[in-house]
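Notes for the one structure printed next.
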Amino acid sequence: MTVKISHTLEVQALFKEAAGFNNDQGSPRLKQIMLRLITDAAKVIEDLEVTEDEFWIAVDLMNRVGKHTEFGLLLPGLSLEHFIDLLQDAKDAQAGLTGGTPRTIEGPLYVANAPLSKGEARMDDGSEDDVATPLFIEGVVRDPAGRPIAGAVVDLWHANTKGTYSFFDQSQSAFNLRRRIETDTEGRYRARSIIPSGYGLDPDGPAQECLSAIGRHGQRPAHIHVFVCASGYRHLTSQINLAGDAYLWDDFAYATRPGLVGEALINDSGEASRARGLDGRPFAELTFDFQLQVAQSAEDEQRSHRPRMGQ
Ligand SMILES: [Fe+2]
């Protein structure tokens, strides 16, 4: 029979001491969270009869995940970043806040302060001209009534054709495939970029090791990340996931959501290509509009205070 002791007064007193409840230093909020984490971890160990070997293997894995800066990938892979979105959706529904472009996960690869331009921008540095398909993205940012919002900032970032991101892939130029575009008087933004590749976890890294151990892959469909913000409106963190990708609805990070699929339509007209300033080669066009909710507070206009590169 399973032996259980975590409910005893002696062990509960131990956990309270370990969580800092017997001193008046530190953060009361963190003490509360820590006590819950310790207690729940103990229950897992006790209820599932976790062995010492399993415990220390898990500790070793966590050390390696941290060393490789992969917690920002593993936790989305274990659905927790998506869960935070689902929880916020449920809170919004309870408060009657519905509508607009759905939120989805940010992921760990944003870099703040990308070049800012008005109306339009070229996002790629041309280094993949020989292999990439040019992509023209455009759309309108609207308010809940469908009216265009001028002066909104659309902050886009995505991977290159190899599935890697500038800054994290030091072989790319600074801010390659990262731009902030302020919408024009008609609420419109336009970007010239390239079709990104989907990508996966490092196959030799500890996050993939963990997912493989539960029979899961670590692949994402091709996608474009976006923040949209405007004065008086709720900050939006979202993504455009590209239709046709094999992983569109089999995304290891659960970021693809209904309403967040965009179609990059190939145009192989030489005339249209030259009109776009290209040399006649095929290109793709993607139209994606965003709709923001009205901010209920000044805090609503801000993105989360997650630590990020470049800020
Ligand atoms: Fe991404």
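Indexing begins at 1, ligand by ligand and atom by atom, following the structure's order. Just the heavy atoms: all of them, side chains too, but no hydrogens, waters or symmetry mates, feed the values below.
Here the CD1-CZ distance, from Ile137 to Phe288, works out to 11.0 Å after rounding to the nearest 0.5 Å.
Seen from the Fe ion (ligand 1), atom OH of Tyr199 and atom OH of Tyr165 lie 100° apart in angle, a value rounded to 10°.
Side-chain contact annotation: Arg103 with Gln293, donor-acceptor N/O pair under 3.5 Å absent.
Counted within 6.0 Å of CD1 on Ile214, heavy atoms from surrounding residues, nucleotides or ligands total more than 12; the atom is thus considered enclosed.
Residue Gln239 does not count as close to the Fe ion (ligand 1), with no N, O or S atom under 2.8 Å. Within the 2.8 Å limit, His225 places at least one N, O or S atom next to the Fe ion (ligand 1).
Taking the Fe ion (ligand 1) as reference, the nearest N/O/S atom within His223 carries the name NE2.
A distance below 6.0 Å separates the ring centres of His217 and Tyr247.
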